[in-house]
Amino acid sequence: MPLPLIPPRQGPGRYFFRDKQINLSINEGLFVNKTELIEHIAKNADISKAAATRALDSTIGAVKATLKKGGSVSLVGFGTFAVGKRAARTGRNPRTGDAIKIKAAKVPKFRPGKALKDALN
């Protein structure tokens, strides 16, 4: 069984993979988890981390509540969160190979806005 290339949620440093050394560094502006996003919000908005946490949690809660009701959330220049529908389908149990029924489901979708696309290109 192959070893993972990078251990999950590890910081910068040296990692070895089959006798090869891999150096990782975290670039400024690269956010990978909620804590780092909260730190960024607190620093740029000049507010406490507790206030930034409340603001982020409130925003995420508002998006969840709106999507749960079947609505969509549009943030101009960033993108739109919406609810998509996935049809019921037949799948396979990977262990036994038996056919199984997978229920229809509602899934969150994100469509990036023009300004976000332009910022990446």
Side-chain angles (χ1 to χ4, degrees):
M1 184 167 158
L3 297 172
L5 180 61
I6 300 169
R9 292 282 180 230
Q10 295 292 321
R14 287 188 222 152
Y15 296 98
F16 294 90
F17 180 70
R18 296 192 187 200
D19 301 327
K20 293 181 183 176
Q21 181 177 335
I22 300 168
N23 291 315
L24 295 178
S25 63
I26 296 181
N27 297 328
E28 180 67 30
L30 178 66
F31 305 112
V32 293
N33 63 32
K34 187 175 177 181
T35 303
E36 292 173 355
L37 183 58
I38 288 169
E39 289 173 3
H40 179 75
I41 292 169
K43 180 180 171 186
N44 286 351
D46 195 27
I47 58 176
S48 69
K49 285 185 185 177
T53 301
R54 289 191 303 271
L56 183 59
D57 288 342
S58 177
T59 303
I60 292 170
V63 171
K64 280 182 188 178
T66 303
L67 294 179
K68 192 170 184 176
K69 292 177 186 176
S72 65
V73 177
S74 293
L75 302 172
V76 176
F78 183 69
T80 302
F81 295 93
V83 178
K85 294 180 180 160
R86 186 180 306 151
R89 61 194 191 279
T90 303
R92 294 256 173 227
N93 180 335
R95 192 172 287 177
T96 64
D98 294 340
I100 56 172
K101 293 180 182 177
I102 302 172
K103 296 179 183 178
K106 295 179 190 175
V107 293
K109 298 206 173 192
F110 177 75
R111 189 174 60 236
K114 185 176 180 342
L116 180 58
K117 288 181 195 175
D118 290 346
L120 299 177
N121 293 315

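Values reported hereafter were calculated over all heavy atoms of this structure, with side chains retained and with hydrogens, waters and symmetry mates removed.
Listed here is the closest heavy atom pair of V83 and G70: CG2-CA, 4.4 Å. Contact between P108 and L67 at its shortest, heavy atoms only, is CB-CD1, 4.4 Å. Nearest approach of S72 to T80, heavy atoms of both residues: CB-CG2, 4.3 Å. Closest approach of K49 to I38, counting heavy atoms only: O-CG2, 3.7 Å.
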When the side chains of residues 112-121 are checked against the rest of the protein, which donor-acceptor pairs come out under 3.5 Å, sequence neighbours left out?
| unit_1 | atom_1 | unit_2 | atom_2 | d |
| --- | --- | --- | --- | --- |
| K114 | NZ | D118 | OD2 | 2.8 |
| N121 | ND2 | K117 | O | 3.2 |

Using distance only, find each side-chain donor-acceptor pair of residues 93-100 under 3.5 Å and give its atom names and separation, not counting sequence neighbours.
| unit_1 | atom_1 | unit_2 | atom_2 | d |
| --- | --- | --- | --- | --- |
| N93 | OD1 | R95 | N | 2.9 |
| N93 | ND2 | T96 | OG1 | 3.4 |
| T96 | OG1 | D98 | N | 3.3 |
| T96 | OG1 | D98 | OD2 | 3.3 |

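Salt-bridge check for K64 with D57: failed, with every basic side-chain N at 4.0 Å or more from each acidic carboxylate O.
Cluster membership check: L56 does not share its hydrophobic cluster with L75, using side-chain heavy-atom separations under 4.5 Å among Ile, Leu, Val, Met, Phe, Trp and Tyr. F78 and I60 are members of different hydrophobic clusters when ILVMFWY side chains are connected at heavy-atom separations under 4.5 Å.
Side-chain N or O atoms of S58 include none that pairs as donor or acceptor with a backbone N or O of R54 at under 3.5 Å.
Atoms OG1 and CD, on T53 and E39 in that order, are 9.5 Å from each other to the nearest 0.5 Å.
Residues passing the side chain to side chain contact (heavy atoms under 4.5 Å, CB included) test with T66, sequence neighbours excluded: V73.
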